[in-house]
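In what follows, chains carry the letters A, B, and so on, assigned in the order in which the sequence lines appear, proteins first and then strands, with residues in each chain numbered from 1. In this text, all values refer to a predicted model and were calculated from it rather than measured experimentally.
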2 protein chains.
Amino acid sequence: MKLLLRISYDGGAYHGFQYQTNAPTVQEVLTSAISAVMGFPCSVTGCSRTDAGVHAVGFCASVEPADPVSRGDSWCPIPTKRIPAAINSALPSDVAVTGALECTDNFHPRYSVLWKEYGYLIHDGEYPDPFTRKYAYCLRRRLTADAIRLMNEAAGKLIGRHDFAAFMASGSSVSDTTRNLMRLEAERLDERKVVVYARADGFLYNMVRILVGTLLDVASGKKTPDDASEILKHRNRNLAGSTAPAHGLCLYRVNYGAEIDFDK
Amino acid sequence: MKLLLRISYDGGAYHGFQYQTNAPTVQEVLTSAISAVMGFPCSVTGCSRTDAGVHAVGFCASVEPADPVSRGDSWCPIPTKRIPAAINSALPSDVAVTGALECTDNFHPRYSVLWKEYGYLIHDGEYPDPFTRKYAYCLRRRLTADAIRLMNEAAGKLIGRHDFAAFMASGSSVSDTTRNLMRLEAERLDERKVVVYARADGFLYNMVRILVGTLLDVASGKKTPDDASEILKHRNRNLAGSTAPAHGLCLYRVNYGAEIDFDK
């Protein structure tokens, strides 16, 4: 038996989810909180690395004893429904567990993913906003209804199963750069905020942020919606837009199919 | 001529608005940003002190040269509509000017106030939320529809012109503790958030936070709505609820009458 947790975190203070020897990570604080609460060393595996500064409201991570064989299948000393509150009592306030359920040993939080959905938040009000400054990219210009329509026209040309090599930052060792982008959509949330949703079976390094940077070039008229198809075709990172800042990005939801349902 | 500014700030890093010799304040960063942008020393007067850690989205402050006589009436070197952007360029990201207009020399940001409205944000979701942790009081229990109805029943007994001595923290030198409380109302914002609005011609020291603490005692059944009238009558701080934490409180709006309209 493994535990699967749903986790929210403000990524501002962390160098991403995945453990690093020389910088604070969400995996590190989570592993030590869970081990403290369980009373023995546990190991935590995330659904994604997430970049430094990126946030999450629907991150998923599995938990098992660091030494699973000696602990046996009923290793967890806490009833599943009480696990979020127990772990939250040991976590800093920028990380919170918001759901827990049991899953089988062959479940893997990364390999079992059907799709993940990110949201990229853009603040386009006339003035900067102290309250969203850490969670939204402050554009300092207005996204008109026309601009959002153009962004969605370009997005339509990127949706589908394609080679997204042009939308991958250098420094990645991935060989297969084909992904199925199921949703890419800009939507106005309120007078001052626009969100870009991006859903795929997997994402390349910095892919959402480069997609957003490219859509913002279309919004400003620097690129046309047709350029989006050309960028895809040429597989050239230099043709795509710049990488939008990390702090606007948030992992919204991970879908593992109907059996894994935290809200059930 | 004076300038009147509308200001938003995340109060988390400040010991309130008003200047203090030994702690960072909003007035201090605002005065130095404005003086830098204008090119000569300016003096800034706020509509309120606000407690340490309290936020604002509609704070108002007037600006004039520190030496008004020698500067004359057309002292401001920047067109009024460009003032917010100019000052924002010199401010830290947790303070932003969101409006500017001209007013007469006899206007005073504190004495000319008709009413001020605060909002107190309560997070009552099942789990803590990393994204609102600095802007909402995390209650760690649910406010049911019945509880909110009771809060509003108690609030109804406090609305009006009363002696609010029971709702003033000690340490204040105010002699007249009568205020006209025009609105006190709890309203559910979304699944996880409730806001308490408080509007009055003026507020005593910690008054909104003690009002909220008292309403929360009514919500939990520790007090009844009728107790609210008794607390008022006895003018005894010890009968009222505890002081709700500062970080849930935000100054929403200051009303100076129809002539002063930032959104015109």
Pairwise side-chain contact, F17(A) with V44(A), heavy-atom cut-off 4.5 Å (strictly under): yes
All donor-acceptor atom pairs under 3.5 Å, backbone and side chain, chain B-chain A:
from, atom 1, to, atom 2, distance (Å)
D10(B), OD2, R133(A), NH1, 3.2
S93(B), OG, R133(A), NE, 3.1
R133(B), NE, S93(A), OG, 3.1
R133(B), NH1, D10(A), OD2, 3.2

So, taking the atom named CD1 in I87(B) and the one named CD1 in I34(B), what distance separates them when rounded to the nearest 0.5 Å? 4.5 Å
Take L139(B) and V194(B), measure what side-chain contact (heavy atoms from CB on, under 4.5 Å) needs, and give me the verdict at the end. CA-CA 10 Å; L139(B) 197 59; V194(B) 170; over 6 Å; no
Go through the steps for V212(B) and L216(B) under the test side-chain contact (heavy atoms from CB on, under 4.5 Å), then give the verdict. CA-CA 6 Å; V212(B) 170; L216(B) 286 173; 4.0 Å; yes
So which heavy atom on G119(A) is nearest to which on V195(A), and how close? CA-CG2, 4.1 Å
Residue of the set L251(B), I7(B), L4(B) for which side chain to side chain contact (heavy atoms under 4.5 Å, CB included) holds with C47(B): L251(B)
Can you tell me which of G12(A), A85(A), A96(A), P92(A) forms the most heavy-atom pairs within a distance under 4.5 Å of chain B? A96(A)
